[in-house]
*Asks:* 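Dropping a structure here in structure tokens format, bear with me for questions.
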Amino acid sequence: ILNLLGHDWAASGVLSLRILAPVVLLQSMNFAFADSMTTRNHQNRRVVASAIATAAGLPLYLWLGHAHGAIGAAIAAVSIEFVMCIGYIGLNPLGRTLSRAALVSIGRGVSFASPALVLYALDLVPVWVPTFAAPALILLGLVTDPVVARHFKAVLPGRFGRASKGGQS
């Protein structure tokens, strides 16, 4: 940020990016919840959740952005994604079931990655260790999830130790 925007933006820019970090997780969940509504022919409910988030977003951006600048806008952005997530879960007939499954999978992945993040926080490893290890460990946590494994076995029946239709394994 310092190289891109200069000294005036360095402090608020770093804080804004830290505040915006949860948006990645929230949007990944929002896309899944919204798409599940669309595939089950509940587009009207998806639009209602999006409209509520948009209606909440306008005053939040105006108020927080005016009062706190970039940091306020970042808070507004996270708030809007959170409102949208709650809307997609609450208005989706499968929302609670999907959210429980998502939290279990995400929790499993994060628990695998936590040691690398803790070692970095304690300054025991360089920054590249959690940068590469955390995503790999999160992925390991997800692929070792029994629900995910069952899904892959159903989608790819000739893999994972079962014989394929041609008699070859």
Side-chain angles (χ1 to χ4, degrees), residues 1-114 116-117 120-121 127 130-132 134-143 145 147-148 150-152 154-155:
I1 290 181
L2 184 64
N3 292 336
L4 258 145
L5 301 173
H7 291 283
D8 293 341
W9 281 87
S12 68
V14 170
L15 182 55
S16 296
L17 289 176
R18 286 184 178 179
I19 292 168
L20 286 169
V23 168
V24 176
L25 176 64
L26 287 168
Q27 280 189 345
S28 67
M29 293 186 327
N30 286 345
F31 283 124
F33 293 137
D35 287 348
S36 75
M37 292 172 84
T38 299
T39 58
R40 297 184 53 82
N41 203 25
H42 294 295
Q43 293 92 332
N44 57 343
R45 294 177 184 204
R46 181 179 179 168
V47 170
V48 168
S50 297
I52 291 169
T54 302
L58 185 60
L60 279 174
Y61 272 118
L62 289 173
W63 173 53
L64 291 171
H66 179 70
H68 304 287
I71 293 168
I75 293 169
V78 173
S79 301
I80 292 164
E81 289 298 326
F82 185 74
V83 167
M84 208 171 330
C85 190
I86 297 300
Y88 288 152
I89 292 169
L91 294 172
N92 188 341
L94 296 175
R96 289 184 193 96
T97 303
L98 291 173
S99 62
R100 277 192 296 269
L103 288 175
V104 168
S105 290
I106 291 168
R108 183 181 184 90
V110 168
S111 69
F112 274 54
S114 293
L117 299 172
Y120 172 69
V127 70
T131 301
F132 292 105
L137 292 169
I138 288 171
L139 185 60
L140 177 65
L142 292 174
V143 298
D145 186 318
V147 174
V148 174
R150 276 196 310 271
H151 173 72
F152 278 114
V155 172

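We use all heavy atoms of the structure for the numbers below, so side chains are in, but hydrogens, waters and symmetry mates are not.
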*Asks:* Rounded to the nearest 0.5 Å, what separation is found between the CD atom of Glu81 and the CG atom of Leu25?
*Replies:*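 Taking CD in Glu81 and CG in Leu25, the distance rounds to 10.5 Å.
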*Asks:* Does any donor atom in the side chain of Ser50 or Tyr88 lie under 3.5 Å from an acceptor atom in the other side chain?
*Replies:*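 Result is yes, a qualifying pair exists.
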*Asks:* Mind listing the closest non-hydrogen atom pair of Asn92 and Ser36 along with its distance?
*Replies:*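 Reported closest heavy-atom pair: ND2-OG, 2.7 Å.
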*Asks:* Looking at OH of Tyr61 and OG of Ser79, how far apart are the two atoms once the value is rounded to the nearest 0.5 Å?
*Replies:*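 With rounding to 0.5 Å, OH (Tyr61) is 9.0 Å from OG (Ser79).
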*Asks:* Quick check: closest heavy atoms across Cys85 and Phe33, and the distance to 0.1 Å?
*Replies:*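 So the minimum-distance heavy-atom pair works out to SG-CE1, 4.1 Å.
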*Asks:* Could you pull out the closest heavy-atom pair between Ala49 and Gly87, with the gap in Å?
*Replies:*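 Shortest heavy-atom separation between Ala49 and Gly87 comes out as CB-C, 3.8 Å.
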*Asks:* How far does CG of Leu26 sit from CE of Met84, to the nearest 0.5 angstrom?
*Replies:*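 Going from CG on Leu26 over to CE on Met84, the span is 9.5 Å.
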*Asks:* Does the pair Asn44 and Val48 meet the rule for a side-chain contact (heavy atoms from CB on, under 4.5 Å), with working shown?
*Replies:* CA-CA 6 Å; Asn44 57 343; Val48 168; 5.7 Å; no
*Asks:* Hey, what do you get for CG (Asn30) to CD1 (Ile89), rounding to the nearest 0.5 Å?
*Replies:*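 Here the rounded value is 8.0 Å.
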*Asks:* Evaluate side-chain contact (heavy atoms from CB on, under 4.5 Å) for His68 paired with Ile75, printing each intermediate quantity in order.
*Replies:* CA-CA 9 Å; His68 304 287; Ile75 293 169; 6.0 Å; no
*Asks:* Tell me every residue that passes side-chain contact (heavy atoms from CB on, under 4.5 Å) with Arg40, counting only those two or more places apart in sequence or in another chain.
*Replies:*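 If we apply the side-chain contact (heavy atoms from CB on, under 4.5 Å) test to Arg40, skipping adjacent residues, the hits are His42, Leu94.
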*Asks:* Applying side-chain contact (heavy atoms from CB on, under 4.5 Å), run through Arg18 and Leu20 and close with a yes or a no.
*Replies:* CA-CA 5 Å; Arg18 286 184 178 179; Leu20 286 169; over 6 Å; no
*Asks:* Can you check whether Leu91's main-chain N or O pairs, donor with acceptor, with Arg45's side chain at less than 3.5 Å?
*Replies:*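 Present.
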